[in-house]
Amino acid sequence: MLNTYTWPEYDYKQSEEQKNGTIKRHPVVVIGGGLVGLTAALDCAKRGIPVVIMDDNNTVSIGSRAVCYAKRPLEVWDRLGVADQMVDKGISWNLGKVFFREDLAYEFDLLPEEGHKMPAMINLQQYYCEEYLVDEVQKQSDMIDLRWKHKLISLTRHDDYVSLQVETPDGVFTMECDWLIACDGANSNVRDMVHAEFTGQFFQDRFLIADVVMKADFPTERWFWFDPTFHKNQSALLHKQSDDVWRLDFQMGWDADPKEATKPENVIPLIKAMLGKDTEFELEWVSIYQFACRRIDNFRYDRILFAGDAAHQVSPFGARGANTGIQDIDNMAWKLKLVMDGDAPDSLMDSYDEERAFAADDNLLNSTRSTDFITPKSRASRYFRDAVLELSKNYDFARPLVNSGRLSKPTPYVKSSLNTPDEAGFCSEMRPGTNCLDAPITVDGKEGWLLNELGDGFTLLVFGDKPEKTEITCGGISAKVVTVGDRIMDSQGLLAERYDGGVYLIRPDQHVAARWRTYDEDKITAALARATGQKQEK
Amino acid sequence: MALNLKANITRPDDFYQELIDMQRDMSEDNVQLMNAKLILILANHIGDSETLSEAMRLARG
């Protein structure tokens with residue numbers, strides 16, 4: 001039983017439509033009330049789409065699970081107004097240590113760049129994140145209808161809607177929705193119901209993860225062991241979460257019996273060996289899993305959109321699961337709003353698959369590489385791995401080859417069809433497809449942050465002379481003009497440093513759609529059309 | 001940087017003997033580890049990724 005956390009139990013309530021036996025058509029239904037589903041509900045609501053979200057359970061995540069949240073998802077949650085409490089509750093770490101056998105191979109400092117509102121990453125138990133998201137969802141009950149103990153049992157796809165059979169404690173009833181967002185996890189039922197392919201590489205290895213409570217003097221650092229003396233031929237990981245809860249990961253090998261391995265009498269000696277026999281601790285939660293690196297063949301099946309683990313599953317190294325799931329929603333919600341309102345063609349929704357499948361492939365590549373290093377699959381690769389680790393003790397050159405997981409970073413949509421080709425003459429990395437870097441600014445004389453000023457729609461960020469227009473319009477879509485030096489000031493010079501001046505067209509998900517050295521309204525209008533899938537007049 | 005496939009090792013016989021002698025009494029395990037380290041050290045010295053790719057393809061045959 002958990003010692004530091006009490007799971008909330010949320011009330012099941014029979015819906016009016018089930019009670020009355022009427023079939024109601026909803027604009028959007030989200031399946032799955034985890035991190036990704038709750039975020040989807042909040043982002044839809046923020047953009048003005050009423051949403052029903054359903055979960056077959058009635059509480060938050062059991063165990064710490066995802067643990068690490070990187071800067072970009074925190075920025076998304078900040079846009080949705082829920083990041084502050086996560087950052088306050090979470091633990092930040094900068095120092096990592098890598099051990100090989102009994103020795104420290106080397107240590108590294110993440111040295112996060114200054115001048116961002118959100119930290120490079122935090123560690124926080126998943127149940128806290130979900131609880132904060134549920135709290136926010138409940139505050140927005142005028143827009144979000146959160147239904148616990150609602151299980152999707154089948155669906156029928158129609159041309160412009162989806163029909164759902166849903167089971168509750170009161171029986172089975174039918175609902176309809178214009179759009180369905182499937183956030184029902186790695187074992188997604190929705191994915192099975194549309195017969196989607198979900199393929200990739202399975203790793204023949206098992207990992208045991210445990211949350212322990214201890215008031216030990218371990219520093220707030222990430223410790224990774226390759227082939228430690230306390231757990232021969234395997235790997236292990238230790239890092240801190242909030243409330244004196246520590247997360248431990250042990251590689252167990254393919255032969256481990258999941259049932260046996262998770263028994264306290266087998267887990268506790270393993271933990272004692274890692275922490276030292278005099279360290280007092282209590283075991284809170286333990287789980288074992290085998291992982292795979294795979295993704296769905298298409299993130300979109302007509303009116304059904306897949307996000308999070310339902311769309312892609314990665315190895316845990318580098319914290320890419322939840323982090324990329326949140327970015328799926330960031331990419332999806334604004335497009336959905338434009339398409340639902342008829343401001344953009346249906347084809348804009350295809351760019352959700354285009355951009356997020358591209359990101360998923362990048363994540364899968366990174367996560368597979370880490371897995372190959374951490375769990376070498378042949379004798380030869382084991383020799384190379386050990387050679388790298390031994391050399392890293394004394395030689396700098398070998399350290400970049402050590403791969404105990406690469407920190408999750410957003411994948412720029414460099415090849416996206418929504419981008420306008422980059423213009424020459426920029427000395428900054430903020431090319432089209434890239435997520436906007438934050439920077440400290442002043443807004444009407446008060447301290448603020450760039451990302452908080454970008455707003456919910458398109459933004460035209462102008463360095464230099466203030467244009468006459470306050471917005472640029474293309475069809476039903478407008479970009480709000482924000483001029484640096486007008487309301488917002490580049491108080492520390494970091495905006496100029498990170499953007500190198502010019503004119504930037506920024507999407508509602510805070511990604512660059514186009515940039516130019518000078519202001520040209522025709523080019524801006526064309527780029528806005530392109531970024532929203534509208535036909536461009538030649 | 002193109003891969004140099006012309007003879008470039010000064011005193012080739014000495015080099016070859018040194019390599020063989022060094023591994024003569026080592027266990028198979030240690031030889032494999034040493035070879036892996038040697039590849040990594042030399043690869044870092046070369047650095048250029050195209051040259052390294054070319055060398056790997058050539059070695060695979």
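Here is how names work: the chains are called A, B, and so on, in the same order as the sequence lines, proteins then strands, and each is numbered from 1.
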J.: Measure distances from B:Leu38 to the heavy atoms of chain A and classify the residue's part below 4.5 Å as side chain, backbone, both or neither.
T.: neither
J.: Quick one: do A:Met274 and A:Leu270 satisfy side chain to side chain contact (heavy atoms under 4.5 Å, CB included)? Show the steps, please.
T.: CA-CA 6 Å; A:Met274 180 198 246; A:Leu270 196 58; over 6 Å; no
J.: Assess whether atom CZ of A:Phe108 is packed by more than 12 heavy atoms of other residues, nucleotides or ligands within 6.0 Å.
T.: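 It does: A:Phe108 CZ has more than 12 such atoms within range.
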J.: Does the side chain to side chain contact (heavy atoms under 4.5 Å, CB included) test come out yes or no for A:Leu401 and A:Leu391, once each step is laid out?
T.: CA-CA 10 Å; A:Leu401 296 171; A:Leu391 290 168; over 6 Å; no
J.: Tell me, do A:Pro228 and A:Phe99 make a side-chain contact under 4.5 Å, heavy atoms counted?
T.: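 No, their side chains stay 4.5 Å or more apart.
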J.: Do the ring centers of A:Phe226 and A:Phe100 come within less than 6.0 Å of each other?
T.: no
J.: Can you name the closest pair of heavy atoms from B:Leu52 and B:Gly47 and give their distance?
T.: CD1-O, 3.9 Å
J.: Hey, can you dump all donor-acceptor pairs under 3.5 Å between chain B and chain A, distances included?
T.:
residue: B:Asp29; atom: OD1; partner: A:Tyr383; partner atom: OH; Å: 2.2
residue: B:Lys37; atom: NZ; partner: A:Glu390; partner atom: OE1; Å: 2.6

